[in-house]
Number of protein chains: 2
Amino acid sequence: MGSSERKEREKAELKEQILHTAKKILLKSGKNGLSIRKIANEIEYSPATIYLYFKDKDEILHELMEMGFMLKNKYMAHAYAEKDPAQRLYEIGKAYVSFGIQNKDWYDIMFNSDEPMQHMAKCREDWDQGMAMFNFLTMTCKEAIQKYDLTTIDENVMALQLWSSVHGLVNLALTNRLDIVEHADKHEIIEKVLSSMLHCIFKK
Amino acid sequence: MGSSERKEREKAELKEQILHTAKKILLKSGKNGLSIRKIANEIEYSPATIYLYFKDKDEILHELMEMGFMLKNKYMAHAYAEKDPAQRLYEIGKAYVSFGIQNKDWYDIMFNSDEPMQHMAKCREDWDQGMAMFNFLTMTCKEAIQKYDLTTIDENVMALQLWSSVHGLVNLALTNRLDIVEHADKHEIIEKVLSSMLHCIFKK
DNA sequence: TCCTTTTACTGAACACTGTTCATTATATTT
DNA sequence: AAATATAATGAACAGTGTTCAGTAAAAGGA
């Protein structure tokens, strides 16, 4: 009979509903405001029911992390399509920072939080999205090195140098530490640092 | 009578004891393991008593932040004493990263946590330690720019570029995201990025 | 249709968290 | 010794993640 298939579909539907609600609460109340009990309340099930669909809160945050990467990819799409690797690096940096600044809670879950990493460790899973992102950055660096004949820098070092810079900038901005040391406009100063960074790398 | 003086001294002593215990728990159980109730339990007072000496947990974390900066200064002392500004920047970077990697909980409270910033906002206080740190970095950049005739870079931009890089590196390392994208030795790769960063800036 | 088995769900509890406040205990002063 | 001022707390409020015995509902078989 097809009833077992229907049941599986219903089970998947409730799982989706839980995640959809989790996302809703995340957007409304932030990561700190997201709790199992609030999700349960919203979908009108008991908190215990959540644990029939997810092992623990870490797993839910891991799923939210994956959703975050999908959102981030929308921000990156235009930059990724740029032909010139040097210009592409600049566009990637700008898009990355825009995503981070405009989506604090998503960014925290993806790049700062312990819970999704904890879940991956428990499941012996890889950080596929993070690795894919970094690999693409590294490939663009490689292209740029070849095209602009940058003999003194390694592509892996260059990629990490760029990533850590924008990661640091976003975190300083999101924790309100950037405005304290630099009163000027946040976007302007970040733009300047990113430009300076790339200018440093590409000048010979 | 001097009894009021003695009472004030006793009050200050208990305040010190609370902070000392908070530090002890932070070192043993991390920031997440630090709770008002654990402090109260350790010093054998009721949790409510803590609130006679501190407005809230934010204030305690703010005090811990200040303690963290004192510890950091010990890490930085040698670097700060370096004569040559370019070499000093390198030593500062290395010392900063060492401090961060070796003191996750202190680093989080100082450079990532919201609570100490929240406390400062409530008290309309400045982030003195952070500003002092950044000002010193900026001055060193200014010196380096003058000595090595770097005409294309602004000292403020350069300082922020360096800070965000090491901040990003430390955070990626502390959240176990660095080892995932780069399997090589953590310290080695960080050293390489820092060197590359400074090499980029100082080459003409 | 009735009965058994399987699946789905939940109430209540456990062990925590920060914070407040009326009440009690202690110490000081009159 | 009594009155006052200070210090400390018990208990409660409103939360948190998580577990598990027990119940309700649906599915399968006779």
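None of the values given here were measured: they were computed from a predicted structure.
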For every nucleotide of nucleotides 8-24 of chain C, 5' to 3': is a protein heavy atom under 4.0 Å from its base (B), only from its sugar-phosphate (S), or from neither (-)? SBBB-B---BBBBB---

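The side-chain hydrogen bond (donor to acceptor under 3.5 Å, both in side chains) test applied to A:Lys122 returns A:Asp56, A:Asp58, not counting sequence neighbours. Partners of B:Tyr75 by side-chain hydrogen bond (donor to acceptor under 3.5 Å, both in side chains), not counting sequence neighbours, listed by chain and number: B:Gln102, B:Asn103. Judged as a side-chain hydrogen bond (donor to acceptor under 3.5 Å, both in side chains), and not counting sequence neighbours, B:Thr21 has no contacts. The side-chain hydrogen bond (donor to acceptor under 3.5 Å, both in side chains) test applied to B:Asp84 returns B:Lys147, B:Tyr148, not counting sequence neighbours. Checked against side-chain contact (heavy atoms from CB on, under 4.5 Å), B:Glu188 has the following partners two or more places apart in sequence or in another chain: B:Asp185, B:Lys192. Under the ring pair (Phe, Tyr, Trp, His ring centres under 6.0 Å) criterion, A:Phe54 pairs with no residue at all, not counting sequence neighbours.
The minimum heavy-atom distance linking A:Met117 with A:Ser113 is given by the pair CG-O, 3.8 Å.
For residues 126-146 of chain A, every residue pair satisfying the side chain to side chain donor-acceptor pair (under 3.5 Å) rule, not counting sequence neighbours, is listed here: A:Glu66-A:Gln129, A:Arg88-A:Thr140, A:Arg88-A:Glu143. Counting only residues at least two apart or in different chains, salt bridge (charged side-chain N to carboxylate O under 4.0 Å, His left out) contacts with residues 106-116 of chain A comprise A:Lys31-A:Glu115, A:Lys104-A:Asp108. Identified under the side chain to side chain donor-acceptor pair (under 3.5 Å) test for residues 41-51 of chain A, with sequence neighbours left out: A:Lys24-A:Glu42.
With rounding to whole Å, B:Gln17 atom CD is found 16 Å from D:dA7 atom P. We find that CD of A:Glu59 is positioned 14 Å from C1' of D:dT18, with the value rounded to whole Å. Atom CD1 of A:Ile39 is separated from atom P of D:dT16 by 11 Å (rounded to the nearest Å).
Within residues 107-120 of chain B, no residue is approached by DNA chain C to less than 4.0 Å at the level of any non-hydrogen atom.
For the helix from C:dT1-D:dA30 to C:dT30-D:dA1, the axis fitted to the five pairs at one end and the axis fitted to the five pairs at the other end meet at an angle of 30° (nearest 10 degrees).
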